[in-house]
Number of protein chains: 2
Amino acid sequence: MNDARPIRAKSGTNHEGTSAHNRRVMVDALRMNGALSRADLARATKLTKQTVSNIIDELEQEGLVTAQEAVRKGRGQPSTPYRLVPEGAFAIGLQIDRHLTRAIAVDLVGNVLTRAEANLPPDGPSHGATVILELIEKVRRDLAGLVAQSERRLVGLGAAMPGPFGVEATGDDPWMMAAWQKFPLLETLATGTGLGVRLQNDAAACATAERMVGAAQGLDHAVCLYLGYGIGAGLILGGELYSGANGNAGEIGMALLSASGSPTPLEHRASLASLYQHLAIDPADPGVYVMVNELALKDDVRIQSWIEEAVMDLRWSVHLIESLFDPQTVILCGGAPEALARRLIEAMHPLPSSIADRRDRTIPRFQLGMTDPWAVALGAAAEPISRAFDPSFAAILKDSL
Amino acid sequence: MNDARPIRAKSGTNHEGTSAHNRRVMVDALRMNGALSRADLARATKLTKQTVSNIIDELEQEGLVTAQEAVRKGRGQPSTPYRLVPEGAFAIGLQIDRHLTRAIAVDLVGNVLTRAEANLPPDGPSHGATVILELIEKVRRDLAGLVAQSERRLVGLGAAMPGPFGVEATGDDPWMMAAWQKFPLLETLATGTGLGVRLQNDAAACATAERMVGAAQGLDHAVCLYLGYGIGAGLILGGELYSGANGNAGEIGMALLSASGSPTPLEHRASLASLYQHLAIDPADPGVYVMVNELALKDDVRIQSWIEEAVMDLRWSVHLIESLFDPQTVILCGGAPEALARRLIEAMHPLPSSIADRRDRTIPRFQLGMTDPWAVALGAAAEPISRAFDPSFAAILKDSL
DNA sequence: AGAAATAAGTCAACACAATTGACCTAATAA
DNA sequence: TTATTAGGTCAATTGTGTTGACTTATTTCT
């Protein structure tokens, strides 16, 4: 009678899926190449001129693309390049960090339009949620003041916070991140803002940012090594952000540094937390960023000694990432002060030899990405944009609607 | 004038892409669920009854599915379940190992129809290629003798060999694997057989096998830890095999076991190579498999001491894999003799705590997959089947045709 | 028994989106 | 001036999933 066992199957697709994909492919092509004519797009996407023409007409009507002046290039009718209209869409990003929260508004091409931050009250999520919702409201109002129709073109809210998610807390937790994990954040944000909300960990958010406006643009295989209070990896695999079965992929900070003996998590050694400890400064102090940056600029010996240690672990991490993910490049990004990040990059050479040593290599094995305390918030904001406009398998299928 | 810089864009799709995807979804659903009625398929794939009906009619005509007897279940018209026809498609798999080569023929559902192996001449690829082509010919003839029309239904040839690919050789290489890497294997096989050919490393092949007929069936996020002469990981990420930018993803054997001091590659400690060394036996001896299996069965002390050491490294590996990939499960598979594999699995407990410790867990964190010296060859054969019939993003796009 | 309800599956008309091939336009090269 | 080339449009066509009414076969209710 009742067949209990549910049927597992992938979703099918139909015309709308096809159409949605092709529209996304256009937007993606324009994002990566700046401005392209209809004929260019047809060649690049392998669609017919006519199809491209129809889609571009639609996108133009919707205000997502616009024609530039015709350009003559050689023989034949001049081409009319189209480019993305930044004001075509907006998204809001939210970063929840240990002692503060940041909100940011970006447009279709990743320009930051407005931003705001606030301290998180130390008494946990239920009070903190109010602060957050107010912060989002503020950014939303500012955005509305800056551009007309912003509300109509708001595609969603992206949130980022330290992971891992859905796992029992371990050890000390002065900033109540564990409490935040249990708090029904997404529901609160969704009902409080009326927007669609998704959650990423901070490394994933950084990778999303690097993919939209940073060093991972146009790359289908890249790993962002995020050095923040902890350390994590944001994974761009096969052209999409990879989150794993539970949204926890890339938690390299938990990787143990030796199989036998007394293994230490990478996080305990290579992270800003370890730097703060090494320098004996209070991570909650709002001045740490500037302080560390200046120490790095003047090559302070204590920073140098930390860098020497950390670089060994980072070399190991890069080698590990290359061995396991075989990416086109590894990008150092995240909340580390810029001067520190530069010192680290310099100190990384020479990289240990790995399968990434290839003759056909055109991109550096390891490079510096964004070093901006707002990178995570930016990535959080980039997520809804990416969800709405980037080509992806999921977007074609019926169950995505 | 000449705009040098090429335009980068993803491919668009059209009706044929839609259709191709939906057909694959049907086959996939039948593979995972055994037998389903048209109505079941419609519900599971979110397509309409009519669409499913049309596709099933086609598939039936093509001999890929067949109706079973109608079953009455509760009220309403009895349903007619359809199942895959094993003889609907065949593929040939080829394993090139250090001193021998294996060929195998499988059908649509992964049944092994015939197999053969041969020693690889020690004088390198150009002579070896002849041996291989003869071996494939033999398997192909045997297959043709076993089932009618097999040639018409042959979807391709999959090859598997130890990786990594495209990297300068390192260290000693008694079996000339480096020479094999340089040899134009794919071209030789393609012209020699007239079939489409793809290459995987052995860990990836194992994962492909586990996905078609093993422990990874129906899982979208699984990692196969392949313990063979070396050690590697086959990655099933987001429902597809992930190969990285250069086909080298999952090379966990190269992971270094400690950041500072004198780091050792995992491969030097946890691999059958290390076991052979520990036991002081010649890995080229064709009797090693049986020998090791018997030693494991009688709990030989030398085996036990190796296991104790190896298990520490394997625990570390599983923890690392869980931290970086966040899979639903980790599967131990590959060419290790079964008794040894069982001993290893037993000795793995307790696993180190990791982000994989979740309350909502239904599958074991770590489990035993296939322990069959033919697993790699089977996976190699599974690849063309998977390519031809599994749903995938690439299969929808125009540039896949 | 008979009627109602329920579920599987089919039929024929339809809608949607990409394709096709002819055609127009605007530029450069001969 | 004319031929050639490239961008782009027009209108008809094709392929594929959808829709809603209908048929068939079975169980459940009265």
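Each chain gets a letter, A, B and so on, in the order its sequence line appears, and its residues count up from 1.
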Taking the nucleotide of DNA chain C with the nearest heavy atom to each, does A/P78 or A/I55 sit closer to the 5' end?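 Mapping each residue to its closest nucleotide by heavy atoms, the 5'-most match is A/I55.
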
Assuming nearest nucleotide by heavy-atom distance, tell me which of A/E58 and B/G76 is located more 5' along DNA chain C.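 Looking at DNA chain C, the more 5' nearest nucleotide goes with B/G76.
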
Donor-acceptor check, side chain of A/N22 to backbone of B/T13, threshold 3.5 angstrom: yes or no?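 It does hold such a pair.
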
Kindly say whether A/V25 contributes a backbone atom to a donor-acceptor pair with the side chain of A/D28 at under 3.5 angstrom?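 Not a single qualifying donor-acceptor pair exists.
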
Do A/Q68 and A/T80 pair up side chain to side chain, a donor and an acceptor below 3.5 Å, judged on atom types alone?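 Their side chains do not contain a donor-acceptor pair, so the 3.5 Å distance test is not met.
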
Under 3.5 Å, is there an N or O donor on one side and an acceptor on the other linking the side chain of [X] and the base of [N]?
{"X": "B/H15", "N": "C/dA17", "answer": "yes"}
{"X": "A/E16", "N": "C/dC16", "answer": "no"}
{"X": "B/Q50", "N": "C/dC11", "answer": "yes"}

Could you identify which residues of residues 30-45 of chain B place a heavy atom less than 4.0 Å from some atom of DNA chain C, listed by residue number, or say none?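 Residues of residues 30-45 of chain B that come under 4.0 Å of DNA chain C are, in numerical order, B/S37, B/R38, B/A39, B/R43.
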
Any side-chain N or O of [X] under 4.0 Å from OP1/OP2 of [N]?
{"X": "A/T80", "N": "D/dG8", "value": "yes"}
{"X": "B/S53", "N": "C/dG9", "value": "no"}
{"X": "B/N22", "N": "D/dT16", "value": "no"}
{"X": "B/T18", "N": "D/dG15", "value": "no"}
{"X": "A/K46", "N": "C/dT19", "value": "no"}
{"X": "A/T48", "N": "C/dT19", "value": "yes"}
{"X": "B/N14", "N": "C/dT19", "value": "yes"}

Under 6.0 Å between the ring centres of A/Y242 and A/F325?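 Not close enough - the centres of the two rings lie 6.0 Å or further apart.
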
Within this structure, what is the [atom1]-to-[atom2] distance between [X] and [N], rounded to whole angstrom?
{"X": "A/K73", "N": "D/dA6", "atom1": "NZ", "atom2": "C1'", "answer": "10 Å"}
{"X": "B/R23", "N": "D/dG15", "atom1": "CZ", "atom2": "C1'", "answer": "14 Å"}
{"X": "A/L47", "N": "C/dA18", "atom1": "CG", "atom2": "P", "answer": "7 Å"}
{"X": "A/E69", "N": "C/dA26", "atom1": "CD", "atom2": "P", "answer": "16 Å"}
{"X": "A/D57", "N": "C/dA18", "atom1": "CG", "atom2": "C1'", "answer": "15 Å"}
{"X": "B/Q77", "N": "D/dT27", "atom1": "CD", "atom2": "P", "answer": "12 Å"}
{"X": "B/R72", "N": "C/dT6", "atom1": "CZ", "atom2": "C1'", "answer": "16 Å"}
{"X": "A/M26", "N": "C/dA17", "atom1": "CE", "atom2": "P", "answer": "14 Å"}

Heavy-atom count check: over 12 atoms from other residues, nucleotides or ligands less than 6.0 Å from A/Q61 CD?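 No, the 6.0 Å shell around CD holds no more than 12 heavy atoms from other groups.
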
Starting from the 5' end of DNA chain D, give me the residue, A/R75 or A/K49, whose nearest nucleotide shows up first.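 It is A/R75, whose closest nucleotide lies nearer the 5' terminus.
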
What side-chain donor-acceptor pairs closer than 3.5 Å can you find for residues 387-394 of chain A, not counting sequence neighbours?
from, atom 1, to, atom 2, distance (Å)
A/D390, OD1, A/R31, NH1, 3.2
A/D390, OD2, A/S386, OG, 2.9
A/S392, OG, A/A395, N, 3.2

Which heavy-atom pair separates B/D326 from A/G247 by the least distance, and what is that distance?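 Result for this residue pair: OD2-N, 3.3 Å.
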
State plainly whether the residues B/R211 and B/E383 are in salt-bridge range, i.e. N to O under 4.0 Å.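 Looking at B/E383 together with B/R211, the answer is no, because their closest N to O distance does not fall below 4.0 Å.
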
Any base atoms under 4.0 Å from B/T51, or only sugar-phosphate, or nothing? Heavy atoms, all strands.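 The residue B/T51 makes base contact.
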
